**Student:** 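Take this structure first; my questions come after.
Quick note: numbers below take in every heavy atom, side chains included, and nothing from hydrogens, waters or symmetry partners. All figures in this text were calculated on a predicted structure; none of them were measured in a lab.
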Amino acid sequence: MNTQVKILGLAALGAAVSAVPVMAQSIDEQVNAVFASSTGWFVNLIFSSFPGTSFPWIVGWLVVAATIFTIYFGFIQFRAFGHAIALVKGDYSDPDDAGEVSHFQALATALSGTVGLGNIAGVAVAIGIGGPGATFWLILAGLLGMASKFTECTLGVKYRNEYPDGTVSGGPMYYLTKGFEERGLPMGKILAVLFSIFCILGAFGGGNMFQANQAHAQITNVVGDYPGWITGIVFAVIVFLVIVGGLKSIASVTEKIVPFMGILYVVTALIILLMNYDRIGWAFGEIFDGAFTNTGIAGGAVGALIQGFKRAAFSNEAGVGSAAIAHSAVRTKEPITEGFVSLLEPLIDTVIICTMTALVIIITGQLVVDAETGRYLLDEGANTIQTVDGNKGVALTSAAFSASFGGFQYVLAVAVILFAFSTMISWSYYGLKAWTFLFGEGQTTELVFKLLFCVFIVIGAAASLGPVIDFSDAAIFSMAIVNIIGLYLLMPIVKRELNSYMARLDSGEIRKFA
């Protein structure tokens, strides 16, 4: 009898254990279904097209603004490049200036929010939909976006709040309020509230859920499939332990992680490109050809342009206003200096890192081409290019790198985890500043946001890529709607700051401290 009981007990235990993965997977499916159904309307609103075209109005909004800022400030991204490097090195840093972090730490914190899975998974998404030609428009968007970043980060420092304990709060919500008041413009407070709401959504979406989602995808690519909520809980705990320490804690982590993960990823990509140096010319030919002709994917050059600009904006966030929050905490009494430093972000993030990712994917032959027509083959029933193994997103980038380095998926898994982690902790700070702008400063208020942020990490890891990336894009771009309105109306103030600083720099009034 005891033997039978034991056997029955073991059988019941085995059935319960075997049911755990099924139950866990159903949790993922339920989370995904609820999330997709509740956010579809928001995504459709942000990405609606101009009448009679397939061109999303929000992409045009960003491109036009970046072009205007580039011209208005006299191609500042090229003129000020050398001085920006000197500032990052600390040549002009006065240790007595107000602020929480150095120019380098501010750049590292902001880069950790932008150099993320948009560089790995986002580029793969762009090429998978828009073909190699999307890379050209991605590079152009990065170069133009340097001027947008310069404008918003200058304003972020100029109109920040400095508190007696040495902490700082800044960003679009502050320059929309204070800058508009200074110029006698209406609606500043309303725009600031709108931006804060969108920033919180962006923090939960692109700065959080997308990162957790793609980190889980790459981890399962290495260790095998398992429920996403497990990855989410692990990330949530680690992120919470860091973000409770505030910006200085975040900056101290990011200034170590960002250079390490950037060097790891870039060096690996460089090695692959050198191993295939004879195909680099051909790859650039594919990029230029696909950017201006219809030889690529269905949708041709317009499809490539749309995907290139969409993914560039998601990657470097120029015009979105998020980086202005991180840069506002820099130690300086010259707002324009942080504008100079910030314009390096899109260059590093998009022009360099994203382009290298794209070249590796193209050169390693991950996209399936029709031998007779030379056109890329589409997946049946989907507007995406067929890939050798059917990979999408981060899995496509992993396959491209592994084609040259067997087992690279393990290295990429480390890079992805670091990218995702650093992006999440930076975006937690962006969202927190928007949250405290709406609900006030205080430990309880901050703790509520940090706990909510960590809950969304779990949701992002459990949901599927489609709904997550759609919501992430929409949330990030909605911030740009409000922010760019403010930049247009406040850019004369930036021009005044620029002219004053350059005159004093030329006269020797502004001198080096190192």
**Student:** Ignoring hydrogens and geometry, is there a side-chain-to-backbone donor-acceptor pair from K149 to S342 under 3.5 Å?
**Tutor:** no
**Student:** Roughly how far, to the nearest 0.5 Å, is CZ of F240 from CD1 of I425?
**Tutor:**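 Going from CD1 on I425 over to CZ on F240, the span is 14.0 Å.
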**Student:** Return the CG to CE distance between L194 and M173, rounded to the nearest 0.5 Å.
**Tutor:**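 With rounding to 0.5 Å, CG (L194) is 13.5 Å from CE (M173).
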**Student:** Do the ring planes of F150 and F73 sit parallel (below 30°), tilted (30 to 60°) or perpendicular (above 60°)?
**Tutor:**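 Perpendicular: the ring planes of F150 and F73 meet at over 60°.
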**Student:** Charged N to carboxylate O under 4.0 angstrom, E338 versus K333?
**Tutor:**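 A salt bridge is absent here (no side-chain N lies under 4.0 Å from a carboxylate O).
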**Student:** Any idea how Y174 and F437 line up, ring-wise: parallel (<30°), tilted (30 to 60°), or perpendicular (>60°)?
**Tutor:**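 Rings of Y174 and F437: perpendicular, as their planes differ by over 60°.
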**Student:** Verify, without hydrogens or angle tests, whether T151 (side chain) and A147 (backbone) share a donor-acceptor contact under 3.5 angstrom.
**Tutor:** yes
**Student:** Just how far is it from atom CG of L505 to atom OG1 of T337, taken to the nearest 0.5 Å?
**Tutor:** 11.0 Å
**Student:** Please report whether the ring centroid of F449 lies less than 6.0 Å from that of F204.
**Tutor:** yes
**Student:** Quick one: closest heavy-atom pair of E497 and P335, and the distance?
**Tutor:** OE1-CD, 3.9 Å
**Student:** Return the minimal non-hydrogen interatomic distance between T177 and A192, and the atom names on each side.
**Tutor:** OG1-CB, 3.4 Å
**Student:** Is the ring pair Y501/H83 parallel, tilted or perpendicular, if the boundaries are 30 and 60 degrees?
**Tutor:**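 It falls in the tilted class, 30° to 60°.
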**Student:** Kindly compute the distance separating CD1 (I139) from OG1 (T350), expressed to the nearest 0.5 Å.
**Tutor:** 10.0 Å
**Student:** Regarding K495 and the six-membered ring of Y72, is the cationic atom NZ or CZ under 6.0 Å from the ring centre and inside 45° of its axis?
**Tutor:**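 Yes; both conditions hold, so K495 lies above the ring face of Y72.
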**Student:** Just verifying a value: how many Å separate L432 CG and S169 OG, rounded to the nearest 0.5 Å?
**Tutor:** 8.0 Å
**Student:** I need the minimum non-hydrogen distance between P346 and G142, along with the two atoms involved.
**Tutor:**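 Scanning both residues completely, I find the closest heavy atoms to be CB-O, 3.3 Å.
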**Student:** I'd like to know if the side chain of N213 and the backbone of A461 have a donor-acceptor N/O pair within less than 3.5 Å.
**Tutor:**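 No: the side chain of N213 does not pair with the backbone of A461.
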**Student:** Are R160 and E162 ion-paired here, with the side-chain N under 4.0 Å from a carboxylate O?
**Tutor:** yes
**Student:** Can you tell me if W435 uses its side chain to pair, donor with acceptor, with the backbone of T445 under 3.5 Å?
**Tutor:**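 Yes: the side chain of W435 pairs with the backbone of T445.
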**Student:** If you look at every heavy atom in A324 and P172, which pair is closest and at what distance?
**Tutor:** CB-CD, 4.1 Å
**Student:** Does the gap between the ring centers of F69 and Y488 come in under 6.0 Å?
**Tutor:**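 For F69 and Y488, the ring centres are under 6.0 Å apart.
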**Student:** How long is the gap from CZ on F453 to OG on S428, to the nearest 0.5 Å?
**Tutor:** 5.0 Å
**Student:** Using atom types as modelled and distance alone, determine if a side-chain donor or acceptor of R183 lies under 3.5 Å from a backbone N or O of L490.
**Tutor:**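 Not a single qualifying donor-acceptor pair exists.
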**Student:** Check E181 with K189, please: is the shortest side-chain N to carboxylate O separation under 4.0 Å?
**Tutor:** no
